[in-house]
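In what follows, chains are A, B, ... by sequence order, proteins preceding strands, each numbered from 1.
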Amino acid sequence: MKLHELTIHEAHELLKQKKISSSELTKAVLDQIEAVDEKVGAYISIFEENAMKQAGEADKAISRGEIQPLTGIPMAIKDLICTKGLRTTCASKILENFIPPYDATVMKKLNKAGAVTVGKVNMDEFAMGSSTENSGLKLTCNPWDLARIPGGSSGGSAASVAADMCIGSLGSDTGGSIRQPASHCGVVGMKPTYGRVSRYGLVAFASSLDQIGPLAKDVTDGALILNTISGYDPSDSTSVPEDVPDFTAFLKKDLKGITVGLPKEYHSSEGLHPDVAASIKNAVNTIQSLGAELVEISLPHTRYAVAAYYVIAPCEASSNLARYDGVRYGFRDKDSNDLIQMYRNAKSKGFGTEVQRRIILGTYALSAGYYDAYYGKASQVRTLIMEDFKNAFQTCDVLLSPVTPSPAFKIGENADDPLTMYLSDIFTLSANLAGIPGISVPCGFSENGLPIGLQLMGRHFNEEMLIKVAYNFEQATDFHKKKPNL
Amino acid sequence: MEFEPVIGLEIHAQLKTKSKIFCSCSTEFGAPPNTHVCPVCLGMPGVLPVLNKKVVDFALRIAVAIGCRIAETSRFARKNYFYPDLPKGYQISQYELPIAEFGQIEIDVEGTRKKIGITRIHMEEDAGKLNHDPNRPLSHVDLNRTGVPLIEIVSEPDLRSPEEAGAYLRKLRSILRYLEICDGNMEEGSFRCDANISLRPKGREELGTRAELKNLNSFKHVEKAIQYEIRRQQAVLEEGGEVIQETRLWSPDSGKTNSMRGKEEAHDYRYFPDPDLLPLVIDDEWIQKVKEELPELPDDKTERFVEQYKLPVSDAERLTSARELAEYFEECLKTFPEPRPVCNWITGTLLGLLNAQGKTIEDSPVSAENLGGLLKLVQEDVISGKIAKTVFDEMAVSGKPAKQIVEEKGLIQVTDVSAIEEVVLKVLESSPKEVEAFKNGKKKLMGFFVGQIMKETRGKANPKIVNELLRKKLEG
C-alpha cells in the first residue's frame, strides 16, 4: 500500500483503526514530494518540520480518541492563503519573504480539525492566470505531461493532488482557478457559492469573485474538505450566515428526479476541442443512464461574460494590489531616492507582467469618465448573467458543461497571447460572476492521454446537489482512479 | 462692483467610538506610534474590514439631530490614492450613496436667524500620520490613527460671510458635543474644516469659480482665512482677472492662502463600491431608537431656558452653548432655585475665572453644588454679597464648600443690632466734620459712613441694618 496515494476517506479509516499513523502518512507524502516535485514543481514552500510536528500532535489526538475527518491528513495550501508564521508569497517577488502574523479563517478551521499543512503550492502570481506560468517564483508542470501546463491559477494545488504530493489541497477560484486546473490535472475541484467559505486571510485578487475551495482526489474528499472550511465568519462581512449541511450526506447513488440542464451556448461553442466534445458527450450519456433528466437550456448573455469579467476583476485587482507599496512589508527597492520612485520600483520590479497588465487595465477602467462605460456596464452585464442562471435553475437542478475548451496546452504556447488565455476561461467565469457553486470532475482523457473535466454548476448554497450528481457520475466511471505516470 | 461671497464648509469630525471603524483597535489619542494597530488597519494581505455598528449609530445621531433624510441603503466605496499614511492604498469612504442627505442647521448672526443647508453626511476611515524628521531626509509613519472613524459633513454654499462660517462651525461643534459623538477639538484635529469660497456680483444667481481652502485648524483661522480669501478673490476680479479653481493652503504664519494644486493636478480617486462590505441597510426601527435616545439639543434647550427660567435669550444662549455648562446651571438650581442670580454668577464670575485659568466648565474648581450653597448663604443673610465674592475666590482655590470657608474664616455676617449700633456710634463720633456736612445736605456722605463701618467690621455687618441705623442716627 502506497500511503501517499490514499484518499482522505481511505486514510481516515486507517488512522481511525490505528493501522497507520499521521506521522507515517505525512512522511510518505514528504517522500513523494522529494521524489517527484523536482519534475513537477508544485511546491513553493515545504514545511517538513512543522508538518511532522502537526502529524505528531494529530497522532496524540487520535490516540485519545479525538479524530475528525481531516485529523492527520497532509494538505497542500495555495500560496495566497495566509498561514501564521509560515511564508505566504502569492507566487510574487513582491511578497517573496512575507510571513503573515495571522492565519486565514480556513487555516484556523483546518488546524482545529487537526489537518497537517505540508507546504504552500505554486500558482499564477496573485491568482492572475490560467496556466501557473505567471508565477513569479517557479514553473509548475502538468504531472500527466511535463511539457504542459497544469492549468491555473491553482496549478500547484491541482498538480500536487494529481501527483500524490498531498492528500488534499485548498485552492481559490476567481474565474475558474480551481475548476480549470482540476480539469487539466484529472482531479476534483470545487468552487463553493460566494459567501460559503470565509475569505478572511485569502489574499485578494478580485474580492467580489474570489472563493476558496477544495481540490481533491475524489468527490467524497471534496465534500469532507468543504464540510471543514465552510460557514459564516464574522471577520468576513461577505460570508453568509447560511446553515452548512453535512455534505457527505449527499454521497448517495440516486439521480432519479434530477434535471440536468445543458446550456446550448456552452455545448455549441466554437473552438471546442473534439476530444473534449467527445468526453462531454459520453458524460451526458452516462448521467442520463443514471436516471437524470436532460434538458437543453439557454444562457443568452454568456457571450458577454468574458468581457464583463475582464473589466470587473482587473478593476478590483487594481485597488486590492495598491497596498503592495514597499512601505510596511514586502519588496522595497533600495535604490529609490524619493517616494514616487520607491512606489514605482516596488511595483514594476515586484510585480510580473500579467499582474501589471491587469492593474493598468483596472486603473484605466475606473478612471473618471470611463467608470460608467466600463465598470458600470460590466456590473449590469453581471446582473443579466445572474438572471440567466436564475431562469435556468427554474427548470433544472444542475447545469452541465465542459470546464475548458481544450485539454492542457503546452508550456509557453499561449504565453504571448493574453487574449486566447482569457478566452480559455469562458466556461468557468460565469459562475464567479453569478456567485453560484461549480465543480469539476474527471470525465475522460484526450487521445494523447490528457485529463478532461466535466463542470456542474448549481444554485446558490446548493453545493449538495453538485456533490450528489458528481458523486453518482464518479461512481459510474473510473477516470478518477487513473494516476499519472511520473 | 459689489461682490457677494459664497461659502460652503466641509467638516471632518472624528467620532468618539472606543474602537476603530473596521477593526477592534483602540482609537485613543496620543499612544506611542504604531501601538494601536492590527493586520486589518495595517492593510496586511488578505485581511477584511468589518463595520463597527457604533460608528453608524453615531453618524445616525447627528443625521437625525439636523433633520437629514437617512438612506435606507447606503454603500461604502473605495477612494484610491497612494500615500504612505494610507496602508491599503485606498480609503474606505462613502461616495454615491452616503448615509444621510438634506439636513439643516440654524445659526444666529447679529441677531438674525438663518438656516444653513446640509448637503450630505458620510462615514469614512481616517488615515495615519507622517512625522517628518527635521534633521534628516526621513519620514516616520504612525498608523495609530488609521481607521479611526470620521464623518464628513458637507454644507450647502449658504454661508455669506466669515462670521456666518464661524457661527455655523461653532453651532455644528456644539451639536456634535451635545450628542457626545465628537469632542470637537480643532487643535488636536478631531474636528477639521475645509472651506469652499467663491465670489459673485451681488444679485447674480450663478456661482463664481471656487477655491478650496485647507489647513484651517482653529476657529480663529477659519474666519481669518476666509476673510483673506474673499479679499484676494475680490482683488483678482476687480483687476479683471479670473479666479482659478484650485486648492489653496492657509498659512497661519503669513496670514495668507497659497496655491497647493490646480484643477489639472486634482486626484482621480477612481471611486468604486467596496466589494468587501455589504450595502448598509438602516431600517425605521433603528432610526426610531436613535431618535428616542437623542438628548435635548442647543436650540431646544435655549428655548426651554427662556421659557422655564425666564432668562433673556442672550443669557440662555450663553448657558446652552455647551452641554456641560447648561448642565452645571441646572445642577446649581437644585441647591439654589433662583435662575437669575445663578445665571449671573455663572456667566459673570465663574466664566471669568475659568477663562482666566484657561479651563472649561468640566474642570471648574467650584462645583455646581458649592456655587449654589454660596448663593444660598447670601440669600439667608449669613454673608453679604461682597463677602460672597471673597468666599468664591477662596472656593476656587480650595474647592471647599462655602459654608465651611465662612465658618473657618469667621465671615458670618453680623446681624446683632446692638453690636452694629456700637460700631455706628463709634464711626460717627470719630467723624464730626462729615456728620456736620451730612446734616448740611451732603447726603452723598452716606456711602462714606457705610464704608467706614464695613471697614471696622471687616465687611461682616449686615448692610441693611447698617443703613437703617445710620439713617436713624443722622436723620432721626
So which of B:C23, B:P84, B:P137 has the largest heavy-atom pair count under 4.5 angstrom toward chain A?
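Winner by heavy-atom pair count: B:P84.
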
Test log, rule side-chain contact (heavy atoms from CB on, under 4.5 Å), inputs A:K347 and B:F82:
CA-CA 12 Å; A:K347 284 163 195 283; B:F82 292 104; 3.6 Å; yes

Chain B contact via [X] - which portion, at a heavy-atom distance below 4.5 Å:
X: A:I340; answer: neither
X: A:Y200; answer: both
X: A:Y324; answer: side chain
X: A:T363; answer: both
X: A:L95; answer: side chain
X: A:C315; answer: backbone
X: A:F126; answer: neither

Considering only heavy atoms from C-beta outward, does the side chain of B:V141 approach that of A:R328 to under 4.5 Å?
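No, too far: nothing below the 4.5 Å cut-off.
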
Atom [atom1] of [X]: over 12 foreign heavy atoms under 6.0 Å:
X: A:R344; atom1: CZ; answer: no
X: A:Y371; atom1: OH; answer: yes
X: B:R120; atom1: CZ; answer: yes
X: B:I244; atom1: CD1; answer: no
X: B:E72; atom1: CD; answer: no

When you measure from the side chain of B:R78 to the backbone of A:S319, do you find a donor-acceptor pair of N or O atoms at a distance under 3.5 Å?
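Looks like no, no N/O pair under 3.5 Å.
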
Which residue out of [options] racks up the most heavy-atom pairs below 4.5 Å with chain B?
options: A:A104, A:P234, A:A322; result: A:A322
options: A:A368, A:G362, A:S379, A:S198; result: A:A368
options: A:L321, A:N320, A:I81; result: A:N320
options: A:S235, A:A204, A:C82, A:S208; result: A:S235

Determine which residues belonging to residues 268-289 of chain B lie within contact range of chain A, meaning some heavy atom pair is under 4.5 Å apart, and list them by number or answer 'none'.
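B:D268, B:R270, B:Y271, B:F272, B:P273, B:P275, B:D276, B:L277, B:L278 fall under the 4.5 Å cut-off.
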
Residues of residues 28-53 of chain B near chain A, each having a heavy atom less than 4.5 Å away:
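So the qualifying residues are B:P39, B:V40, B:L42, B:G43, B:M44, B:P45, B:G46, B:V47, B:L48, B:P49, B:V50.
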
